[in-house]
2 protein chains.
Amino acid sequence: MLPRPQGVNQISVMKIGELARQTGTQVETIRYYEREGLLSEAARTDGNYRIYSEAHVERLLFIRNCRSLDMTLDEIRLLLRFKDSPAENCGAVNELLDEHIGHVAARIRQLRQLERELKELREFCRETSIAGSCGILNKLSRQSPRKESTESSVGVHVRRTHS
Amino acid sequence: MLPRPQGVNQISVMKIGELARQTGTQVETIRYYEREGLLSEAARTDGNYRIYSEAHVERLLFIRNCRSLDMTLDEIRLLLRFKDSPAENCGAVNELLDEHIGHVAARIRQLRQLERELKELREFCRETSIAGSCGILNKLSRQSPRKESTESSVGVHVRRTHS
DNA sequence: CTTGACTCTTTAGCCGCTACAGGGTTTTCA
DNA sequence: TGAAAACCCTGTAGCGGCTAAAGAGTCAAG
């Protein structure tokens with residue numbers, strides 16, 4: 001029923017695995033986006049397999065692009081709404097992007113400060129010794145926790161360090 | 001039975017709310033740390049209330065210090081183990097800190113790159129127009145998603161932009 | 001006809017909390 | 001003294017953005 005998937009392009013109807021391959025997305029992530037309403041519900045084959053076209057590739061690439069720019073799914077949802085109504089004014093798109101840039105910049109400032117503090121802390125134990133007299137452990141015990149910068153308490157919407 | 005909490009210090013036995021106040025921690029967070037084994041199980045009053053001493057204040061401040069330096073609970077667990085066995089060599093403490101500094105530095109580099117890309121993207125729609133011809137939306141549709149830097153795919157353990 | 005690759009749905013887990021709901025205990029104040 | 005308020009308890013669910021796994025169905029090749 002469906003043309004069988006080839007290694008390369010020219011296919012315009014495909015199953016989820018091929019969509020995943022063409023966009024560098026995991027299959028589960030695609031289904032997740034569908035549940036979240038970023039992708040509309042796909043048509044199905046007789047065997048209940050989702051089927052996609054080039055249009056889905058484009059839309060998913062859009063989403064993945066936005067994600068690789070660290071936008072939230074909510075932000076992406078908004079952008080998609082504009083993409084879907086091309087007659088509207090795109091001022092809000094610019095606004096969203098400017099805000100997002102602001103968040104990234106704020107997070108960079110936070111992390112720079114954090115880096116300074118960590119390096120300062122590291123200086124407290126230049127030489128390896130026993131834990132009981134380790135300058136780092138002692139410093140960590142005594143300092144009072146610095147409060148998060150005003151920026152972040154104000155809701156910078158920028159995540160922390162670890163992944 | 002317990003001396004009643006005063007606005008200021010000198011109290012050495014307290015309930016969870018006072019510990020929370022003295023350390024700037026939420027009550028639920030303290031109970032969470034206990035569940036996670038960062039704080040040992042607290043003694044209880046007749047009425048089943050947790051009771052804490054100065055030692056707990058110190059330990060919790062240590063934890064909150066580490067958290068404000070964006071360490072994971074796993075990292076903190078390791079540091080606490082060293083704190084609890086003062087005879088051991090603290091080389092691993094230095095190592096952990098160096099690694100953590102590396103992660104923060106890597107995340108800063110990633111975010112700088114991200115900032116550059118976002119600003120570049122922003123240039124595609126200098127003037128507000130209609131969404132159908134918005135340079136930003138068009139660019140996002142066409143570009144193929146840049147892969148995350150090798151650093152992050154290698155497991156930099158550094159979170160993304162939003163919070 | 002079997003094997004194996006693919007797909008389906010549902011559910012749970014990751015991290016570090018945070019926020020309930022629905023109770024019990026203690027303190028305060030009239 | 002008694003009622004209300006403030007505090008505490010346990011247990012469970014939710015946040016975001018996936019990821020993984022269980023258990024079953026579908027389909028194409030040899």
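Below, chains carry the letters A, B, ... as their sequence lines are ordered, and counting in each starts from 1.
A donor-acceptor pair shorter than 3.5 Å cannot be found between the side chains of B:Tyr52 and B:Arg59.
Of the inter-residue distances, the one linking B:Thr25 atom OG1 with B:Arg31 atom CZ reads 13.0 Å to the nearest 0.5 angstrom. Rounded to the nearest 0.5 Å, atoms NE2 (B:His100) and CG (A:Leu114) are 5.5 Å apart. Annotation: the span from B:Arg64 atom CZ to A:Leu140 atom CG amounts to 14.0 Å, rounded to 0.5 Å.
The nucleotide whose nearest atom lies closest to any side-chain atom of A:Gln26 is, among C:dT9, D:dT19, C:dC17, D:dT19. Which of D:dG17, C:dG16, D:dT10 sits closest to the side chain of B:Arg44 comes down to D:dT10. Minimum atom distance to the side chain of B:Ile16 is reached by D:dC8, of the listed C:dC17, D:dC8, C:dC8. Here C:dT7 is the nucleotide among C:dT7, C:dT18, C:dT10 with the atom lying nearest to any side-chain atom of A:Val27. Counting only heavy atoms from C-beta on, A:Leu73 has its side chain closest to D:dC18 among D:dC18, D:dT10, C:dT18. Considering only side-chain atoms of A:Thr29, the nucleotide from D:dT10, D:dC18, C:dC17 that sits closest is D:dC18.
Residue A:Arg50 places none of its side-chain N or O atoms closer than 4.0 Å to OP1 or OP2 of C:dT7. Between B:Arg35 and the phosphate of D:dG11, there is no side-chain N or O to OP1/OP2 separation shorter than 4.0 Å.
If you take OH of A:Tyr49 and C1' of C:dT9, they are 13 Å apart, rounded to a whole angstrom. The interatomic distance linking B:Arg31 (CZ) with D:dC7 (C1') rounds to 10 Å, in whole Å. At whole-Å resolution of the value, CD in A:Glu28 and P in D:dA21 are 10 Å apart. Rounded to whole angstrom, the span from the OH atom of A:Tyr32 across to the P atom of D:dA21 amounts to 19 Å. In this structure, B:Leu39 atom CG and C:dC17 atom P are separated by 11 Å, rounded to whole Å. Rounded to whole Å, atom P of D:dG16 lies 7 Å from atom CG of A:Asp74.
Contact check for A:Ile108 versus A:Arg112: side-chain heavy atoms found under the 4.5 Å cut-off.
The 5' end of DNA chain D is approached more closely, in terms of each residue's nearest nucleotide, by A:Tyr33 than by the other of A:Gly47 and A:Tyr33.
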